[in-house]
Amino acid sequence: MARHLITSALPYINGIKHLGNMVGSMLPADVYSRYLRQRGHDVLYICATDEHGTPAELAAKELGLPVDEFCTQAHDAQKAVYDGFSLAFDYFGRSSSAQNVEITQHFARKLKENGFIEERAIRQVYSPTDGRFLPDRYVEGTCPHCGYDKARGDQCENCTRVLDPTDLIDPRSAISGSTDLEVRETKHLFLLQSKLQREVEEWVAAHEHQWPQLASSIARKWLTEGLHDRAITRDLDWGVPVPADTWPELAAEGKVFYVWFDAPIEYIGATKEWSDQDPENRDWKSWWFDVDTDVRYTQFMAKDNVPFHTVMFPATELGVREPWKKVDVVKAFNWLTYYGGKFSTSQKRGVFTDQALEVLPADYWRYFLIANAPESDDSSFTWEHFTATVNKDLADTLGNFVNRVLSFSRKRFGDEVPAGAAAGEAEAKLGEEIARLLAEYEEHMDALQFRKAAAALRALWSAGNSYLEEKAPWLEIKTDQDAAALTLRTAMNLIHLYAVVSEPFIPTSSAAMRGAFALENDTATWVTPEQARSLTAVPAGTPFTVPPVLFAKLTEDDLQAYKERFGGQAE
């Protein structure tokens, strides 16, 4: 059985992330990791804060904090939110770690040794007002491709085109706002991607059949346009330093590596951080070095990160000429929009993850986001759609089923699962339907089709309601108590099955459902087809309790309050 290495795009350190970031990388990676663990696979889910680059320096300066102190505080704040969303990372590291510095510098030395890094003199934007060279993100202006007037010197947030600061129209300093900018000569290191194009093309061709079309089409677009040599150092105070033993002159000038050079390497660095916490029992190299036939590596990211993970980082790994593990599957997502407009951290538009948890518990958000994941196209978040989904799927279909089954059984039969009659034709039919839907759910989860998986899970919940309506135990009990007891016992077994298989989506609610039954040695991690057909995991006589309401139904007043707080349309 393959081991599964899973990473999600590193959330940038600057600010709490919005729901689009959550559904575009971390949440689906967590759902998939949980599912694989439940199916008995060996899983390592790694993530970290991406802490280098100009926005971290600018944010720290704005707050009057040293940048390392700012990053420590921001890392802790982000981790608290991800804990609130029940993201079960095996390790959540930091790209500023000593381990990432060590491995990044190792990669750079090897790339130079193999002829894929060279030092070049370039002309770069200099601000006399600020008295310094301005790295790419320290320059803002108008994108020459789409006209967006807040484009940064490395990438346009609006059209995602990669830029150089000198490409911008009407450039200005992000530090002082000064337009008094000059272009002066300085030296930087360049990754010679052009020399690696053929190898990257061959690698993409060998792997893209496992990727969704979104990921492969973006990679192909970059390769068709041709890989260009790219500067991988910057003039910053904060970052992985250029090693003095290899480039003494640049090290003396304080050059650091470009954040997009060291950030993907942090997947490896964070794994080493994890390993170093317990070196006797953890071996980071067993996941990353010379393991192509043993480890299946899946990356999760939004579409704007795809070029760096399907082209730039593979080029880096290929150029090192060492057997580092490369990604097998790139699960890419489109954007979640807010009433048709883009979520934006920098412009504070949309619902942010800390605010979401202030409004409702994590399971509400986890289910809604995955059920509406922007897989084949962009998806739009609206409060109307959110409240309708919560009410229909979570409150009515699942929550109401759990509450009415357990409440009615306790009222009529006491605090133990009733025995009643032996299972009959209706139960056999239900078992076959549950086994079929469970297989469909597993098929979609294995294929990383999250919206389809959510629909199959919803169908499992609906099957229980259909069975309950067909059997109508509130009528059966008037004429045949054993028949009513059988219906309720079967429905309670459905609740336990839902608790097990819903755990990747709604872990807290699943724990509450499972905890309703005082089962001895309840160690089930998944449900086999035979168990789904028989529905006997919770035998008669098992004590049970009625948990608090799993999902509150949202009212029109709730909807209006949400819209008043967050806005009911895109700005």
Side-chain angles (χ1 to χ4, degrees), residues 31 34-35 37-39 86 361-364 366-368 370-371 389-410 417 427 429-445 450 452-471 473 487-519 522-539 542 544-552:
V31 170
R34 287 176 175 274
Y35 168 74
R37 291 190 193 105
Q38 285 188 266
R39 299 301 306 275
S86 300
D363 281 0
Y364 290 75
R366 288 177 63 102
Y367 175 79
F368 174 83
I370 293 297
T389 300
V390 166
N391 288 346
K392 180 180 178 183
D393 294 356
L394 296 178
D396 288 346
T397 304
L398 178 61
N400 186 51
F401 176 81
V402 172
N403 183 264
R404 64 175 174 162
V405 166
L406 296 180
S407 296
F408 184 74
S409 186
R410 184 178 63 178
V417 175
E427 288 69 39
K429 177 183 174 184
L430 173 67
E432 290 298 327
E433 176 72 354
I434 294 297
R436 182 187 68 79
L437 291 171
L438 181 60
E440 184 179 319
Y441 176 52
E442 293 171 354
E443 178 184 352
H444 295 318
M445 289 292 283
F450 291 101
K452 290 180 179 179
L457 182 61
R458 186 188 311 122
L460 278 166
W461 300 342
S462 295
N465 283 276
S466 296
Y467 169 75
L468 206 62
E469 291 301 316
E470 176 187 346
K471 293 296 294 292
T487 300
L488 292 170
R489 187 182 78 239
T490 303
M492 289 186 189
N493 272 277
L494 281 175
I495 292 172
H496 186 268
L497 180 145
Y498 295 160
V500 175
V501 303
S502 303
E503 194 266 349
F505 281 71
I506 49 172
T508 301
S509 304
S510 291
M513 286 189 280
R514 193 162 182 159
F517 302 102
L519 285 170
D522 184 12
T523 58
T525 59
W526 201 247
V527 179
T528 67
E530 293 74 21
Q531 290 168 335
R533 291 186 180 94
S534 64
L535 293 173
T536 55
V538 183
T542 301
F544 73 90
T545 58
V546 181
V549 173
L550 294 178
F551 298 100

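All values below were derived from every heavy atom in this structure, side-chain atoms included, with hydrogens, water molecules and symmetry-related copies excluded.
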Quick one, [X] and [Y] - any side-chain contact, counting heavy atoms below 4.5 Å?
X      : Y      : answer
Leu468 : Leu494 : no
Thr542 : Met492 : no
Lys471 : Thr490 : no
Met513 : Leu398 : yes
Asp363 : Pro507 : yes

Verdict with supporting geometry, Leu519 and His496, side chain to side chain contact (heavy atoms under 4.5 Å, CB included): CA-CA 10 Å; Leu519 285 170; His496 186 268; 3.7 Å; yes
Keeping the roles fixed (side chain from [X], backbone from [Y]), state whether a donor-acceptor pair exists under 3.5 Å.
X      : Y      : value
Asn400 : Ala395 : no
Ser407 : Arg404 : no
Tyr498 : Gly464 : yes
Tyr364 : Leu394 : no

Looking at [atom1] of [X] and [atom2] of [Y], how far apart are the two atoms once the value is rounded to the nearest 0.5 Å?
X      : Y      : atom1 : atom2 : answer
Gln38  : Met445 : CD    : CE    : 8.5 Å
Ile506 : Ile370 : CD1   : CD1   : 12.5 Å
Leu550 : Ile495 : CG    : CD1   : 9.0 Å
Arg458 : Leu437 : CZ    : CG    : 12.0 Å
Ser502 : Arg366 : OG    : CZ    : 11.5 Å
Leu438 : Arg436 : CG    : CZ    : 11.0 Å

Can you name the nearest heavy-atom pair linking [X] to [Y], along with the distance?
X      : Y      : answer
Ile434 : Ala532 : CG2-CB, 3.9 Å
Leu406 : Pro547 : CD1-CD, 3.6 Å
Ser86  : Thr508 : OG-OG1, 3.8 Å
Ala435 : Pro529 : CB-O, 4.1 Å
Pro504 : Val31  : O-CG2, 3.3 Å
Asn465 : Thr397 : ND2-O, 2.7 Å

Please state whether the rings of [X] and [Y] are parallel, tilted or perpendicular, taking 30° and 60° as the class boundaries.
X      : Y      : result
Phe544 : Phe517 : tilted
Tyr35  : Trp526 : perpendicular
Tyr367 : Trp461 : tilted

Side-chain donor-acceptor pair present, Tyr467, Glu427, cut-off under 3.5 Å: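 Judged by distance alone, the side chains do pair up.
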SB check Arg514 Glu503 (cutoff 4.0 Å): no
Criterion side chain to side chain contact (heavy atoms under 4.5 Å, CB included) on Arg37 and Arg34, from CA distance to verdict: CA-CA 5 Å; Arg37 291 190 193 105; Arg34 287 176 175 274; 4.2 Å; yes
